[in-house]
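Below is one structure, written out as structure tokens; comments come after it.
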Amino acid sequence: MSSVSPSFFEVVNYTPPDAIFELTKTYNADSTARKVNLGQGTYKDENGNPWILPAVRSAKEKIKDFNHEYLPILGLPLFRELATGLVFGKHSAAVQEGRIASCQALSGTGALHIAGTILKQALGRDTTVYITNPSWSNHRQVFESIGLAVREFNYSTSAGVNMQSLIQTLNEAAPKSVFVFHASAHNPSGWDCSPDQWKYIGAIVKERQLFPLFDAAYLGLTSGDYDRDAFAIRYFADELGLEIAVCLSFAKSMGLYGERVGLCAFSSNTPTIAAAVESSLARLIRVEISNPPAFGARIVAAVLEDEEVYAQWRNDLLTMSSRIAEMRWQLYQGLIELGTFPPLVSGFHMELSLIFFVGTPGDWKRITEQKGMFCILGLTPDQVLHLQKEYHIYMAESSRVSIAGLNGSNVRYVAESINRTLK
């Protein structure tokens with residue numbers, strides 16, 4: 001019997017699978033009819049099925065006869081032009097003056113990786129990237145994989161944005177530090193800054209010479225109004241005249257999850273700087289993927305360039321955001337309407353046993369106050385596991401739930417299951 005030769009890969013450690021994708025895998029393997037997936041953040045319709053937006057259907061019909069030739073290195077030119085105008089605003093001074101450098105990216109994740117790589121080149125390898133706690137689980141991994149140091153700051157409490165912590169961190173960070181801001185629908189807390197809070201944050205960012213990077217995954221889907229959701233980006237770029245990065249994704253806002261279509265854009269001080277940054281983007285894209293995929297970019301461009309299809313898309317955003325808001329309300333109503341009865345306590349008068357508390361134990365008002373697709377329910381890991389084992393309700397261990405996974409046929413069941421778990 002021959003001996004096994006030493007492996008070249010012995011130094012490679014096993015990496016546990018991604019928690020959310022593993023949760024989806026477990027959910028798919030569950031044969032129970034009444035199961036609910038509140039883990040992965042993908043929009044589902046009122047029947048719990050994936051929804052192809054009517055605007056996207058129309059766009060796909062328009063591009064069905066396109067060829068499959070390579071795109072330019074930086075991506076589909078029409079897509080880049082229209083997507084840039086969409087996120088910064090058509091009347092943006094940065095856009096009109098040619099101060100935006102952009103490239104097509106592999107959705108939001110790819111855009112973040114590109115932005116981090118460019119910022120490392122521009123600001124130095126010792127640059128610190130600040131992310132919120134909690135935050136999207138991939139933020140830390142993306143920037144650490146580039147070789148940047150990542151630090152967290154406490155972003156939220158059960159009552160809202162922790163402005164004291166945020167302001168303190170901004171004031172203590174070294175100049176040229178990068179701050180990753182969620183443009184809207186903070187993932188996973190659901191707490192967003194108000195316009196006045198953004199203005200206060202922006203003033204400190206400008207004074208302290210910090211660099212803002214906006215992760216813009218949910219624009220339009222948060223409130224149903226794209227312009228409203230893009231407030232912080234436009235305020236920082238045009239009103240404050242700051243250099244910023246925007247990592248834009250159309251996965252959520254157009255339901256193009258599997259097409260991986262995004263945009264990485266930098267606003268700069270001059271057209272000359274923008275041209276230099278764009279040349280670095282082209283070099284990076286050429287090295288990493290040579291050139292980006294075409295289909296998703298053509299869909300987005302077909303939606304944005306046609307007035308009628310664009311108007312339909314705006315209605316589609318309202319449809320999705322309104323259904324999510326309605327599910328938030330129904331979950332909240334279900335939790336507060338369910339009664340819980342305390343056990344008899346020896347030594348107390350009998351009439352005390354007749355007292356009952358209306359509502360599931362806990363503070364649930366935040367479900368309706370938060371924005372976007374996600375909400376953290378405040379359950380313990382044991383309670384989350386109990387919901388999975390006993391009721392086949394799947395959510396992240398942190399009790400972050402995707403509200404889009406709720407519908408009229410399961411929202412009451414979820415509320416009842418949470419209520420029983422907490423009794």
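If you're wondering where the values come from, they're calculated on a predicted model, not measured in any experiment.
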Original post:
Is any side-chain N of the basic residue among R412 and E337 closer than 4.0 Å to the acidic one's carboxylate O?
Top reply: yes
Of all the heavy-atom pairs spanning [X] and [Y], show the shortest one and how long it is.
{"X": "P381", "Y": "E397", "answer": "CB-CG, 3.8 Å"}
{"X": "F266", "Y": "C264", "answer": "CE1-SG, 3.7 Å"}
{"X": "W313", "Y": "L304", "answer": "CZ3-CD2, 3.9 Å"}
{"X": "A404", "Y": "R323", "answer": "O-NH2, 2.9 Å"}
{"X": "C103", "Y": "L281", "answer": "SG-CD2, 4.0 Å"}
{"X": "M320", "Y": "K252", "answer": "CE-O, 4.0 Å"}

Less than 4.5 Å apart, any side-chain heavy atom of [X] and any of [Y]?
{"X": "Y391", "Y": "H386", "value": "yes"}
{"X": "L82", "Y": "E305", "value": "yes"}
{"X": "T360", "Y": "I336", "value": "no"}
{"X": "Y394", "Y": "D30", "value": "yes"}

Original post:
If you measure from CD1 on I167 to OG1 on T169, what distance do you get to the nearest 0.5 Å?
Top reply: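 Between atom CD1 of I167 and atom OG1 of T169 there are 9.0 Å.
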Checking [X] against [Y]: charged group under 6.0 Å from the ring centre and within 45 degrees of the axis?
{"X": "R400", "Y": "F374", "value": "yes"}
{"X": "R34", "Y": "Y413", "value": "yes"}
{"X": "K35", "Y": "Y27", "value": "yes"}

Original post:
Can you check whether W191 and Y155 have ring centres sitting under 6.0 Å from each other?
Top reply: no
**OP:** May I ask you to check whether Y257 and Y43 place their ring centers less than 6.0 Å from one another?
**Re:**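 Not close enough - the centres of the two rings lie 6.0 Å or further apart.
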**OP:** Flag yes if more than 12 heavy atoms outside Y200 fall under 6.0 Å of its OH atom; otherwise flag no.
**Re:** no
